[in-house]
Amino acid sequence: GGMGGMGGMGGMGGMGGMGGFGSALPEMDDFDIEEDRTCHMGSDMVGEARDVSKGTGEVVKTLEAPGTGYENPAQGFEVVVKYTARADGADAPFDDAHAEEPVVFALDLEGKDCPLPRGVCSALRTFLPGERSVITCQPSAAFGPDGDPARGVPAGTSVHYTTELVAFHKVDVYCDGALKLKTVEDAHTWEVFEDKHELFVAFELKLEDGTVVLSSDGAKTNAPYVVGADPASQRAYPPFMHHLATKIHLLSKYQVESEMSVGYGEAGDEALGVPPGAKLVCDLQVLHHHEVAPVEGTDGAVVKKTINKGEGWETGRPGYEGHCRYAVVRTDGSVAKEGGTEEPLAFTVGAHEAQGLPPAFKFAEKLKKGEVAEFTCPPAYSGCTDEVCTVRIELVKWVPVRAVAKTDDEVTLKVLEEGSKDYERANEGAKVTARVAVWPADAPPGAPPLEGSPDEEGEPWEWTADDDTVPAGVDRAARDLAKGALVEVRIPGPWGYTPAQCEARGLDAALAGAPLTARLRLVDFVKGKDDWDLSADERLELQAAKKAQGNALFVQGRYAQALAKYDRAIAACQDDATAGDAEGAAAKSATVRGQCHANRAACALKLGRYDEAVKDATSALDIDGSNVKALLRRGLAQAKLGEMAAAKADLKRVLELDAGNREARRELLAIREKAEAQRLKEKAIFGNMFEKIRLTRPEESETGGPG
């Protein structure tokens with residue numbers, strides 16, 4: 001087929017003067033800010049003159065119209081230039097042949113084989129596309145001390161070239177000059193094609209007289225060019241493609257000139273109509289490509305081909321819900337298994353095999369939204385019985401699933417709509433407005449909710465954040481969202497309804513502590529006061545209220561939530577200064593802080609967090625060294641950690657302060673029993689070792705201890 005959208009690439013007419021393309025680029029000195037400014041003159045610099053001859057004054061350019069972009073031409077680039085030339089002091093130009101019709105040539109910064117003087121060629125390296133400037137050259141950078149009388153340039157006269165850089169094209173030379181690659185249009189895509197990548201290339205391969213001998217429209221229905229494959233197996237493409245495949249970029253347009261040595265050689269190709277020893281020209285553009293690479297961690301057993309790269313940056317994370325279409329295809333093209341053909345299939349990252357999906361779905365978590373990939377897999381990954389199959393996965397979208405903040409990762413939410421981009425969140429005391437519907441966790445699809453409306457109709461819920469009037473899981477989720485967000489919340493029993501909430505909301509008492517599912521859209525919130533805005537009296541009231549809430553939750557067995565309430569009570573009045581100047585306020589606040597630390601230790605014991613229990617009990621004892629509950633809880637925690645000496649010391653101190661404390665006595669007895677059991681165990685292990693030691697060391701007592 002023809003070249004489709006490549007009509008603008010035209011012929012190769014401007015390439016005749018390419019003899020100087022082999023010149024090397026000059027070495028760049030350290031970055032020079034003045035040089036950089038000269039190379040990027042903007043509209044604010046119109047009329048400004050800049051020395052472009054490294055301070056010698058030999059060549060000066062004065063900006064008339066700024067260019068665009070940020071790139072300048074370099075040695076060997078093809079430049080398209082309009083200009084008029086006038087000798088200093090003359091009224092008329094001595095050369096205006098290219099005032100309207102541009103000249104095309106290979107730029108040599110020394111002016112070799114160029115139609116313009118050395119100074120003009122050197123100055124062009126500082127031009128941007130579209131820039132027009134007057135280049136003033138001293139005789140040494142133009143026609144020398146003798147001038148050029150034939151052109152009308154007197155001896156010793158400077159010249160002024162009003163020059164416009166219409167365009168320029170990068171030109172690279174390969175294969176010892178036998179292959180020249182000109183970038184006609186740079187798409188600024190920087191992917192590098194590597195071995196095994198598949199390229200879909202639109203091209204027209206022509207003889208020098210313009211006769212097309214081979215072409216392709218680059219459609220994905222064509223056989224791709226495979227980077228690194230044997231050129232003999234890819235005769236549907238230009239014979240020099242293997243030299244260029246890793247040097248060209250997606251969507252950029254190129255023109256190529258090739259000598260016979262990198263074309264069809266001395267023999268030519270009779271079938272294509274290529275004469276012996278023919279030179280070739282080619283217009284070329286890679287329209288699509290597939291990355292092909294082994295999947296990390298499979299020792300090359302699984303190979304991924306990326307059909308569509310997708311969009312954005314987000315990939316799957318543990319617990320995320322992915323929506324996809326997939327098919328497992330055998331080598332003969334038949335489909336062994338498929339899913340999501342009508343509605344996209346939902347799967348959970350990390351749980352795909354439990355959902356009956358092929359093991360290759362473990363690689364799906366690395367895909368981006370809209371990405372399409374084919375994984376060529378052995379049976380262990382594809383689920384096929386005895387052959388290599390291809391698992392094709394189209395990742396339609398990711399639905400983020402994450403833990404709700406400050407719920408010990410117990411409450412999770414699935415993000416259905418993200419909401420506003422604002423980072424502000426509802427805080428404690430905020431007035432929250434949300435549309436909420438709540439179901440039992442095991443409710444079947446379509447079941448009516450316990451409360452609220454599934455279609456977001458009816459009156460929204462309104463509550464004050466952290467006031468315990470709505471399920472804690474709902475409250476915490478609302479405080480973890482942006483306005484407008486819509487989520488589905490999974491709420492385990494301890495974060496669901498309390499008995500008091502069931503009674504107040506007219507719900508069956510059996511729902512207290514039952515796991516729930518909620519659909520929540522955060523409509524609005526008005527933030528509550530921050531701590532620094534509270535008066536001393538308000539702080540004391542908050543401290544007392546949070547302690548009371550914590551106590552109620554502890555009785556219900558909701559230890560993680562109780563911990564948070566006690567923590568908030570401690571933060572409300574962190575020290576005596578925040579309690580205010582009222583008589584007794586500081587002492588009262590300190591007492592409550594100590595009680596809250598002791599209660600936090602009780603929660604930590606229930607949750608098996610023994611290190612935290614020791615830390616909180618110690619904080620309580622720092623406030624009141626005779627706090628019996630704090631001593632008891634620290635002793636119990638130390639016993640759990642195996643710190644028996646410290647545990648015994650705390651428990652004995654408890655009995656000194658409260659001789660009737662049964663829990664302390666029970667734990668001390670348990671410690672003694674454990675110690676005795678350990679002693680007997682060691683005696684059985686070591687047998688008569690102690691007797692032998694006694695006989696060899698008469699100075700030791702019968703018990704084996706120091707005499």
Side-chain angles (χ1 to χ4, degrees), residues 406 408 428 466 468 531 534 536 538-580 582-668 670-671:
K406 299 184 179 179
D408 289 336
E428 179 187 26
D466 207 39
D468 290 350
D531 280 4
L534 298 174
E538 287 174 324
R539 287 175 178 273
L540 291 170
E541 289 175 10
L542 179 62
Q543 186 183 52
K546 294 304 168 187
K547 180 195 169 191
Q549 287 179 326
N551 290 348
L553 290 165
F554 185 90
V555 170
Q556 297 168 29
R558 302 182 180 217
Y559 305 119
Q561 295 171 59
L563 264 172
K565 301 291 186 182
Y566 294 134
D567 194 45
R568 187 68 187 93
I570 293 166
C573 283
Q574 298 179 32
D575 49 43
D576 293 348
T578 56
E583 184 177 353
K588 181 180 178 182
S589 173
T591 298
V592 175
R593 279 203 311 277
Q595 292 169 344
C596 288
H597 276 298
N599 291 349
R600 275 183 56 86
C603 293
L605 275 170
K606 293 289 188 181
L607 294 168
R609 302 174 185 175
Y610 303 120
D611 285 324
E612 290 182 29
V614 170
K615 182 179 177 181
D616 268 301
T618 300
S619 295
L621 291 167
D622 289 342
I623 295 171
D624 178 5
S626 60
N627 186 324
V628 172
K629 290 182 178 179
L631 281 165
L632 175 63
R633 290 161 188 169
R634 188 170 72 174
L636 294 173
Q638 288 169 332
K640 290 291 187 181
L641 292 169
E643 303 289 341
M644 296 305 181
K648 286 170 66 177
D650 278 344
L651 295 170
K652 286 180 178 179
R653 177 63 177 154
V654 169
L655 293 176
E656 289 175 8
L657 296 170
D658 179 10
N661 194 300
R662 294 180 181 180
E663 194 168 2
R665 288 186 181 280
R666 280 198 304 269
E667 188 62 29
L668 275 172
I671 290 173

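- The distance from the NZ atom of K546 to the CD1 atom of I570 is 13.5 Å, given to the nearest 0.5 Å.
- In this structure the side chain of N661 never reaches within 4.5 angstrom of the side chain of R665, judged on heavy atoms.
- Atom-to-atom distance recorded for R634:CZ and L605:CG is 12.5 Å, nearest 0.5 angstrom.
- Taking CG of L641 as the reference point, atom CG of L636 lies at 11.0 Å (rounded to 0.5 Å).
- Distance check, rounded to the nearest 0.5 Å: CZ of R653 to CG of L631 gives 7.0 Å.
- When all heavy atoms are compared, the tightest approach of A613 to A637 is CB-CB, 3.8 Å.
- When all heavy atoms of A620 and N627 are compared, the pair lying nearest together is CB-ND2, 4.4 Å.
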Derivation and outcome, side chain to side chain contact (heavy atoms under 4.5 Å, CB included), residues K588 and L540:
CA-CA 9 Å; K588 181 180 178 182; L540 291 170; 5.7 Å; no
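- R600 contributes no side-chain N or O that, together with a main-chain N or O of Y566, makes up a donor-acceptor pair within less than 3.5 Å.
- Note: Q638 CD to D611 CG = 10.5 Å, rounded to the nearest 0.5 Å.
- A salt bridge does not link K615 to E612: none of the charged side-chain nitrogens sits closer than 4.0 Å to a carboxylate oxygen.
- When side chains are defined from C-beta on, V614 counts as touching T618, because their heavy atoms get closer than 4.5 Å.
- Between L651 and L632 there is a side-chain heavy-atom pair separated by less than 4.5 Å.
- Checked against D466 for a salt bridge (Lys or Arg N to Asp or Glu O under 4.0 Å), the options K565, K406, R568 give a single hit: K565.
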- prompt: After noting the C-alpha distance and the side-chain angles of N551 and V555, does the key distance pass the side chain to side chain contact (heavy atoms under 4.5 Å, CB included) rule?
  reply: CA-CA 6 Å; N551 290 348; V555 170; 5.7 Å; no
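- Shortest non-hydrogen contact noted between A664 and L655 is CB-CD2, 4.0 Å.
- Of all the heavy atoms in D624 and S626, the pair that sits closest is OD1-OG, 2.9 Å.
- For the pair A571 and R539, the tightest heavy-atom approach, listed with the atom from each and the gap, is O-NH1, 4.5 Å.
- Looking only at side-chain heavy atoms (C-beta outward), Q543 and R593 come within less than 4.5 Å of each other.
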**Report entry** Test side chain to side chain contact (heavy atoms under 4.5 Å, CB included) applied to D408 and L563, step by step
**Finding:** CA-CA 11 Å; D408 289 336; L563 264 172; 5.7 Å; no
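- Across all non-hydrogen atoms, the minimal contact from R633 to A601 is CB-CB, 4.2 Å.
- From S589, atom OG reaches atom CD1 of I623 across 8.5 Å, with rounding to the nearest 0.5 Å.
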